[in-house]
Amino acid sequence: MCSAKTVTANAPVIKKPQAEVTREPPKATTIHVNTYLDAKKTAPIISHNMFSYDEIPGPLTLRMINKFWSMIPVMGSEVTVRIIQYLLSGGRFFGDLLSWGGNPYFFKKFFRVYGPVVRLHGAFGSDVVLLSRPEHACAVFQSEGQYPIRSCLESMQKYRLDCRKYQKIGPFFMYGADWERLRKAMEEQLKDSIVKQYETIDRICDDFVERIKVLRNPQEEMPNDFLKEIHKWSLESLCSVTLNKRFGFLDTYGLSPTSDAGVILQGLTGATQAIRKCEYGLHVWKFIETPAWKSLVKHCDMVENVLDKHVADAIESLKYKKDKLTGLDSASMLESLVLKHNTKYQDVMTVMLDMFLIGTNATAHTVGFLLYHLAKNPRCQIKLYGEVKKNPTANRDTLKRMPYLQACMKECLRLNPAIPILSRVLTNDIVVHNYQVPKGTHVLFASHLNSYNEEYFEDATRFKPERWLDNELGGFGNEYQAFATMPFGYGAKSCVAKELAEVQIAMLTYKVCKNFKIEYNYGDITSSSEMLAQPTKPLKFRFVDRA
Ligand code: HEM
């Protein structure tokens, strides 16, 4: 275990609680799950080597901040979660307080100082526990009941419930029977849409290749905002999957800011930034309209107004189409949700918005990173191109049968997961690392740290797709290896669109690799440490035509 000496020179002196210093470190492998919702299944846990929740080590500084918070009646664990994420993203105020501001390895430092389980004290006893190891994730996820809970973004919740009166906060944050019903409908329709919209997804990738040709400068390089172009591809693809419509995001002559596509792009970009600002730091916007809150409302309204129009049009046209639809064959995903699953209008809207906010960003950032890794690893690119050449045409089946392409995607998601921190609110008491953690606690699991840990992956920092060919778990294949990297999350609340995202990313990578040799001649690009991690530098790739 590290001592306080490991903290950098200008950091505050953080003393570990006495109990932590004197006792033996708990064994990492002990996992007990007390599912007291189903008393028949489990017996109470009795262990001789168990420690209470209060014994979990954590920073004294945050305890002091907590004393301050507890005088302000709105601060809860949600805020603690956001503060952590704010610190992770280099937030200044609290970051400076802890002398860890701007340090992307904030989580890592916590673990180094306090051990693999860290408790951060929130107001009213509602704390956040940071977990680091795969076996901790296993304990959390295996304890999930039928309805797992993810901690929510309070700003989005307020917007949806107060401003738009949807009554629902959307599938990403919902739980319970309503969420389960919506989730099942989404799963079914997304699967269906991949089959139905496959050719359109394919054509949109071709359009992206053409767009690259238009964007290239005389040195065959992309502009600084190439990530935005990847976003456009991702949006065009998702619009056609959900609405059966092309929006023109990839228009050769650029995007008019007043077109529907232009408004959606501007709205989503602004909304993502505003949500980030509202969520990190103090939630003053709950009482007064801060600039960040006003921006959130403005940008979310922009996206919603356009989507509203299209969703309303689609629903209206159903009245006329209903009889003509033969077995729902020609229905879009949205139409099927309404026709087949009787999904209500407000639910359709929140589904659309969650998919746009989470899905398009995550997919676009993953593509950005994958092209980067291929550019930086010419050996891997040559190998992938060899596989591409052997498969002159790509369809859903052939893409799945390109093992190296699949391995490249997995390896990219291991190194740069779009959502690097998974969160849950415990629905059961659990024991992690011999510490008892009660039901209701917010836990954050820093899964991306394991990706860089030699304990789980040999040559952990290297982009090495071969590891997934040698071993289907990509690492040392121990008992918990499946929890060492979880880019799409885990269990009932894992990503609902994993298959769609994989098809889109595989198809685009196949086409780009088939047409161009990818190069990158600037500084190393890493992931920003945010809820939705993105590349930290402009993606100034050079795309050289293949002969
Ligand atoms: C590479 C692309 C993507 C990655 C890495 C990714 C990753 C994730 C992760 C980590 C979660 C949380 C899982 C958990 O907490 O266990 C999630 C949830 C979710 N994702 Fe994705 N995602 C991607 C693409 C998409 C796309 C394209 C869509 C929509 C079309 C989408 C829609 C959702 C939704 C709606 C949820 C919430 C599911 C629920 O709570 O039931 N994602 N995603």
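Every number for a ligand or one of its atoms is a count from 1 in the order of the listing. What's counted below: heavy atoms across the whole structure, side chains too, no hydrogens, waters or symmetry copies.
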Pair F543 and F226, ring centroids less than 6.0 Å apart: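 Centroid distance F543-F226: below 6.0 Å, so yes.
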For the residue pair H433 and H136, categorise the inter-ring angle as parallel (less than 30°), tilted (30 to 60°) or perpendicular (more than 60°).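 It falls in the perpendicular class, over 60°.
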Look at the aromatic rings of F483 and F141 and report parallel, tilted or perpendicular, splitting at 30° and 60°.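 F483 and F141: parallel rings.
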Heavy-atom contact under 4.0 Å between [X] and ligand 1?
X    : value
I505 : yes
D354 : no
R424 : yes
F356 : no

From atom 28 (C) of ligand 1, work out which of A362, A497, A492 has a heavy atom at the shortest distance.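 The option holding the nearest heavy atom is A497.
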Among protein heavy atoms, which sits nearest to [atom], and what does the distance come to when rounded to 0.1 Å?
atom                    : value
atom 13 (C) of ligand 1 : K493 O, 3.3 Å
atom 39 (C) of ligand 1 : R183 NH1, 3.4 Å
atom 5 (C) of ligand 1  : P487 O, 3.5 Å

Salt-bridge present (D354, R160; N to O < 4.0 Å):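 Judged by the 4.0 Å cut-off on N to carboxylate O distance, D354 and R160 do form a salt bridge.
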Salt-bridged, K191 to E187, with N to O below 4.0 Å?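 Between E187 and K191 there is no salt bridge, as every charged N stays at least 4.0 Å from the carboxylate O atoms.
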